[in-house]
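Worksheet for the structure shown next.
The structure presented is a predicted model; accordingly, all values stated were derived computationally and were not measured.
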Amino acid sequence: RYSVSGEFRQQLKELLQQIQSTEPHFIRCIKPNPQNQAFLPDTEKPFLHRPSVAEQLSYQGVLAAIKVARAGFPVRFWHSDFLRKPNPQNQ
């Protein structure tokens with residue numbers, strides 16, 4: 001028997017299967033300036049509005065990630081991989 005809710009459940013199930021079969025990668029898009037122009041008018045010089053770019057990087061968490069990496073935590077491990085690594089303190 002066909003029902004709208006049954007079709008919705010089936011579509012949701014297929015979507016979740018597709019999502020679970022992928023590895024997510026994130027691309028952060030940064031607008032270089034409010035006008036979305038690559039170069040300054042009548043020049044070959046890139047048109048970069050630094051305050052706007054810094055604000056976007058801050059909102060996206062990139063600056064916080066850089067601070068963490070500079071503090072000495074540049075690598076992320078899966079918990080299981082971390083537990084498998086040799087630990088000199090436990091020897």
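Judged by distance alone, with hydrogens and angles left aside, the side-chain atoms of Ser52 form no donor-acceptor pair with the main-chain N or O of His49 at under 3.5 Å. Here the side chain of Gln56 pairs a donor or acceptor atom with the backbone of Lys31 at under 3.5 angstrom.
Here the CD1-CD distance, from Ile19 to Gln17, works out to 11.0 Å after rounding to the nearest 0.5 Å. Atom-to-atom distance recorded for Gln60:CD and Glu55:CD is 11.0 Å, nearest 0.5 angstrom.
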Would you sort out whether Ile30 and Leu57 count as a side-chain contact (heavy atoms from CB on, under 4.5 Å), showing the intermediate values?
-> CA-CA 8 Å; Ile30 305 294; Leu57 292 173; 3.7 Å; yes

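Under the 4.5 Å side-chain heavy-atom criterion for Ile, Leu, Val, Met, Phe, Trp and Tyr, Leu16 and Phe8 are members of the same hydrophobic cluster.
Val53 is listed as a side-chain neighbour of Leu48, based on a closest heavy-atom distance under 4.5 Å. Looking at heavy atoms from C-beta onward, Phe39 lies out of side-chain contact with Lys45 at the 4.5 angstrom threshold.
In this structure, Gln35 places its CD atom where more than 12 heavy-atom neighbours from other residues, nucleotides or ligands lie under 6.0 Å away.
Ser80 is linked by a side-chain contact (heavy atoms from CB on, under 4.5 Å) to Trp78, Arg84, counting only residues two or more places apart in sequence or in another chain.
One side chain, Glu14 or Gln10, offers a donor N or O that lies under 3.5 Å from an acceptor on the other.
Nearest heavy atoms, Asn33 versus Phe47: ND2-O, 2.7 Å.
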